[in-house]
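Here the structure comes first, spelled out in structure tokens, and everything after it is commentary.
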Amino acid sequence: MIQTLGYAAMDPKSPLRPFRFERRAVGADDVRIEILYCGVCHSDLHTVRNEWNNTLFPSVPGHEIVGRVAEVGKGVKRFKVDDVVGVGCMVDSCLHCPSCAEGLEQYCEHGFTGTYNGPVYGGENTYGGYSQTIVVKEHFVLRMPSQTNLAACAPLLCAGITTFSPLRHWGVTAGHKVGVVGLGGLGHMAIKLAAAMGAHVVLFSRSPGKKEDALRLGAREMVLSTDPDAMARHANSFNFILDTVAAPHKLDDYLNLLKRDGTMTLVGAPDHPHPSPEVFNLIFKRRTLAGSLIGGIPETQEMLDFCAKHNIACDIELIPIQSINEAYERMLRSDVRYRFVIDMQSLRQEAPEV
Ligand code: NAP
Ligand code: ZN
């Protein structure tokens with residue numbers, strides 16, 4: 001076993017604090033990674049506060065991990081010591097069901113194991129990337145293409161793939177009009193990626209102060225979602241809308257903006273359901289309301305390579321782990337431009353000897 005140090009929530013109400021635990025010894029097909037950076041996803045916050053009613057405590061969040069390979073098992077073929085690698089939201093799945101066979105491990109018919117809070121379907125708890133080291137099966141380790149700013153690439157492992165996968169699946173391409181709802185971690189990646197795919201991107205936000213950023217990130221327009229006239233001007237015009245909002249809201253406001261046969265895909269995962277949409281808003285224009293979960297391992301590698309090719313990384317604020325509780329509060333106030341990333345060097349202050 002390997003001793004490590006991380007930050008954990010011990011219950012839904014207490015702030016995260018230092019927590020020592022053990023990683024498994026490196027098996028034949030395992031890679032041990034010294035974590036350099038870990039992004040802070042809104043799912044971390046939902047989890048540590050038990051907003052989805054499925055949290056196992058202690059909870060060590062973090063599924064946007066970039067690190068350096070420190071050790072590899074005998075059977076590992078694709079990685080060697082010192083390689084820079086990434087780990088996203090999954091660390092295991094059955095690898096033989098029809099979804100896994102298609103490289104869609106996130107839809108594993110037996111349930112994938114999450115990087116943290118993993119054994120929703122039984123087994124031991126898993127601890128995520130707010131920690132010094134992690135041991136991961138080779139299949140779930142990603143190659144990080146050479147990028148200068150590694151910290152800014154960490155959030156690609158969740159925010160990047162969660163927005164890339166639906167944009168690809170629903171065939172977003174040059175000339176499409178694409179809406180992005182909410183400008184946070186996922187939203188800012190959705191704008192960059194859809195713009196790189198050639199789409200005409202429109203941001204919907206409640207925050208008037210985000211207009212300049214939206215345009216800089218690649219959106220052509222920003223619409224204040226609280227202004228009904230501004231919304232109405234876009235009625236029946238979108239091919240695709242990606243909704244990243246982390247709280248329940250009225251979906252009809254956006255469904256009405258889709259053209260005939262358009263699709264709106266939900267990736268935001270609020271703690272309470274959205275009000276049910278009006279069925280006539282769907283049937284009269286044959287519109288589709290859909291959902292999407294992260295992305296498979298092959299597609300995650302494709303996304304990392306796409307981002308390297310298009311010079312896309314995340315806009316981040318680098319924080320020491322000691323600021324994580326304050327970062328959560330700021331995230332709840334939509335006061336993050338546009339992803340917090342933890343510099344794991346800061347853990348050394350907690351335990352210089354480890
Ligand atoms: P985030 O950085 O907090 O961004 C969410 C954005 O939603 C905010 O910046 C804000 O944008 C908007 N928003 C927040 N509260 C709102 C409210 N009450 N009403 C309307 N808009 C609100 O969060 P994130 O990390 O991007 O994650 C977004 C959601 O996706 C979370 O629920 C997360 O758990 C989920 N998620 C899902 C997957 C998946 O696989 N499907 C993967 C990762 C995360 P504006 O200020 O622009 O309005
Ligand atoms: Zn996430």
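Whatever order the structure lists ligands and atoms in, that order sets their numbers, starting from 1.
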Point to revise | Tyr127, Tyr7, Tyr130 screened by ring pair (Phe, Tyr, Trp, His ring centres under 6.0 Å) with Phe19, the one that passes | key: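 Checked Tyr127, Tyr7, Tyr130 against Phe19; only one passes ring pair (Phe, Tyr, Trp, His ring centres under 6.0 Å): Tyr127.
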**Study point:** Backbone of Leu224 reached by a side-chain donor or acceptor of Ser205 within 3.5 Å
**Key:**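 Not a single qualifying donor-acceptor pair exists.
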Is it the case that more than 12 heavy atoms not belonging to [X] sit under 6.0 Å from its [atom1] atom?
X	atom1	value
Arg143	CZ	no
Arg78	CZ	yes
Glu212	CD	no
Arg216	CZ	yes

Would you check whether [X] has a nitrogen or oxygen atom less than 3.5 angstrom from a nitrogen or oxygen atom of ligand 1?
X	value
Val336	no
Leu186	yes
Tyr338	no

Considering only the protein, which heavy-atom contact is closest to [atom], and what is its distance?
atom	result
atom 25 (O) of ligand 1	Arg339 NH1, 2.6 Å
atom 44 (C) of ligand 1	Ser43 OG, 3.3 Å
atom 37 (C) of ligand 1	Val267 O, 2.8 Å
atom 23 (O) of ligand 1	His42 CB, 3.2 Å

Ligand-residue contact atoms, ligand 1 with [X], heavy atoms, under 4.0 Å:
X	result
Thr244	28 (C), 29 (C)
Gly182	11 (O), 47 (O)
Ser292	39 (C), 40 (O), 41 (N)
Cys158	42 (C), 43 (C)
Leu293	40 (O)
Met331	3 (O)
Ile294	39 (C), 40 (O)
Ser207	45 (P), 46 (O)

**Study point:** Ser14 versus Asp11, side-chain donor and acceptor atoms under 3.5 Å
**Key:**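 Side chains of Asp11 and Ser14: pair found under 3.5 Å.
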Check your understanding: Can you check whether Ser131 reaches Phe21 side chain to side chain, under 4.5 Å on heavy atoms?
Key ->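 In short, these two side chains touch, coming nearer than 4.5 Å.
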Proximal candidate to [atom] [heavy atom criterion; set [options]]:
atom	options	value
atom 11 (O) of ligand 1	Val245, Leu183, Asp271	Leu183
atom 14 (C) of ligand 1	His46, Arg206, Glu51	Arg206
atom 47 (O) of ligand 1	Ser205, Ala159, Cys41	Ser205
atom 42 (C) of ligand 1	Asp243, Thr163, Thr162	Thr162

**Study point:** His249 heavy atom under 4.0 Å from ligand 1
**Key:**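 Contact absent.
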Practice item. Work out whether the distance between some heavy atom of Trp52 and some atom of ligand 1 is less than 4.0 Å. Key: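 Yes, that is the case, since the closest heavy atom of the residue is under 4.0 Å from the ligand.
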**Study point:** Step-by-step side-chain hydrogen bond (donor to acceptor under 3.5 Å, both in side chains) determination, Asp243 to His249
**Key:** CA-CA 10 Å; Asp243 187 336; His249 58 282; 2.6 Å; yes
Practice item. Look at His63 and state whether any of its N, O or S atoms is less than 2.8 Å from the Zn ion (ligand 2). Key: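 Coordinating: yes.
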Review point. Is the Zn ion (ligand 2) less than 2.8 Å from an N/O/S atom of Cys158, whether that atom is in the backbone or a side chain?
Key: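 Within the cut-off used here (under 2.8 Å), Cys158 does place an N, O or S atom near the Zn ion (ligand 2).
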Point to revise | Part of Ala247 with heavy atoms under 4.0 Å of ligand 1, whether side chain, backbone, both or neither | key: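 Answer for Ala247: side chain.
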Review point. For Leu156 and Phe164, what are the C-alpha separation, side-chain angles and deciding distance, and is it a side-chain contact (heavy atoms from CB on, under 4.5 Å)?
Key: CA-CA 9 Å; Leu156 298 178; Phe164 183 84; over 6 Å; no
